[in-house]
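Here the structure is laid out as structure tokens; the discussion comes afterwards.
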Amino acid sequence: MPELPEVEVIRRALAPLVVGRTILEARIVEPRLTRRRGTPEAVAATVVGRRIRALRRRGKFLVFDLGADSLVVHLGMTGQLLWCEAQHGFRPDGHTHAHFGLSRGGLLAYRDVRKFGELFVVPARTVDSALDVGLEPLDPVFTAAALGGLCRGCRGRIKALLLDQRRIAGIGNIYADEALFRAGIRPTRRASSLRAEEIRALRRGIRAVLEAGIRHRGSSISDFRDPSGEPGRFAPLHRVYRRHGRPCVVCKTPVRRIVLGQRGTHFCPACQR
DNA sequence: CGGACAACCTGGTTGC
DNA sequence: TGCAACCAGGTTGTCC
């Protein structure tokens with residue numbers, strides 16, 4: 001569910017609501033949430049009493065800046081962060097695994113059907129090393145030269161490179177397929193075989209599709225919701241993702257689906273070489 | 001290093 | 001209608 005655009009949509013919606021508020025209460029009821037590091041009790045004890053200074057995004061991670069420490073949230077496949085302006089309107093269901101009561105009555109709930117998401121606290125100055133993710137594709141540092149360098153140093157397939165969070169941060173299965181379609185590149189190509197012109201097209205395709213995803217408030221296949229519970233509107237605009245068997249929007253050739261690295265992979269066999 | 005695979009979870013869809 | 005099989009936006013660990 002949540003790739004870079006969805007996480008960014010959540011960040012933009014949540015930041016004006018939570019920044020400046022103090023965490024008054026933290027309830028983490030599903031211990032799996034903190035499996036990576038810490039315990040529910042330790043995380044809760046660290047965040048209570050702290051003011052949220054900023055809300056940032058790094059790849060698919062949301063980072064709540066609490067001063068000396070940062071609270072990090074990853075939404076896995078089905079994680080949601082839902083906002084309740086008034087705490088008495090909070091109606092947790094069986095999939096609501098944590099909630100945070102904030103000053104001025106706000107409440108932030110974490111809901112996650114499949115429980116692949118996680119939540120942990122790290123010292124603020126160690127966030128970067130703890131997350132260990134690569135280039136932000138929407139940052140100025142993500143140049144054609146930078147992407148070219150990654151491609152040259154990679155013997156695998158280009159789609160695998162796009163999905164490798166330690167090289168490029170935030171691209172998931174939907175946006176990888178969509179970016180490769182826009183660039184006219186077959187997902188099975190060896191990354192090191194891309195020519196300079198293809199690398200420029202890929203960089204453009206990646207940025208364009210991520211920006212479009214954000215502009216349309218995310219891709220909701222089934223679970224994605226923004227903090228107010230609204231689904232995104234980008235899914236109907238996907239050009240290849242889960243459109244196998246249907247005509248390519250450009251050339252009418254049927255879109256194909258293959259499995260690459262255990263992930264469903266969609267492309268137009270005519271447009272993508 | 002790359003690739004194949006299983007595992008972690010739950011629910012929706014498909015096909016017999 | 002019932003039920004099994006398969007699929008899913010992600011990540012990690014193991015093995016070869």
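Everything quoted here is computed from the prediction, not taken from an experiment. Computed over heavy atoms, backbone and side chain alike; hydrogens, waters and symmetry mates excluded.
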Heavy-atom donor-acceptor pair, A/R57 side chain to A/G59 backbone, under 3.5 Å: yes
Inter-residue atom distance A/W83.CH2 - A/F100.CZ, 0.5 Å rounding: 12.0 Å
Phosphate OP1/OP2 of B/dC1 contacted by A/R157 side-chain N/O (<4.0 Å): no
Sugar-phosphate only, base, or nothing, as touched by A/R242 at under 4.0 Å among non-hydrogen atoms: sugar-phosphate
Cationic tip of A/R37 above A/F120 ring, under 6.0 Å, 45° of axis: yes
Whole-Å distance separating the CZ atom of A/R166 from the C1' atom of B/dG2: 13 Å
5′-ward residue of the pair A/G153/A/Q262 relative to DNA chain B: A/G153
Touch class at under 4.0 angstrom, heavy-atom based, for A/R167 against every strand present: sugar-phosphate
Closest to side chain of A/F116, choosing from B/dT10, B/dC9, C/dA8: B/dC9
For the student: nearest non-hydrogen atoms of A/H74 and A/Y110, plus distance: O-OH, 3.7 Å
Below 4.0 Å: OP1/OP2 of C/dT12 and any side-chain N or O of A/R36: yes
A/R257 vs C/dA8: side-chain N/O to OP1/OP2 distance below 4.0 Å: yes
Spacing between A/Q165 atom CD and C/dT11 atom P, to the nearest angstrom: 5 Å
Under 3.5 Å donor-acceptor pair, A/R114 side-chain atoms to C/dA8 base atoms: yes
Separation of the P atoms in B/dC8 and C/dC3, to the nearest angstrom: 25 Å
Atom-to-atom span, CG of A/L33 to C1' of C/dG10 - whole angstrom: 15 Å
Pairing of A/E136 and A/R58 as salt bridge, 4.0 angstrom limit: yes
Nearest-angstrom distance from the residue atom CZ of A/R37 to C1' of C/dT11: 14 Å
Distance in angstrom units between A/M77 CE and B/dA7 C1', rounded: 13 Å
For atom CG of A/D93 and atom P of B/dG11, their distance in whole Å: 10 Å
Atom-to-atom span, CZ of A/R32 to C1' of B/dA7 - whole angstrom: 10 Å
Phosphate OP1/OP2 of C/dT11 contacted by A/H74 side-chain N/O (<4.0 Å): yes
Complementary nucleotide of C/dA8, counting Watson-Crick and G-U pairs under 3.5 Å: B/dT10
B/dG11 OP1/OP2 closer than 4.0 Å to side-chain N/O of A/H95: yes
Atom-pair distance (CG on A/D223; P on B/dT10), nearest Å: 14 Å
Given B/dG3, B/dT10, C/dG10, the nucleotide with the shortest approach to the side chain of A/K115: B/dT10
Check: A/A146 main-chain N/O paired with A/R203 side-chain donor or acceptor under 3.5 Å: no
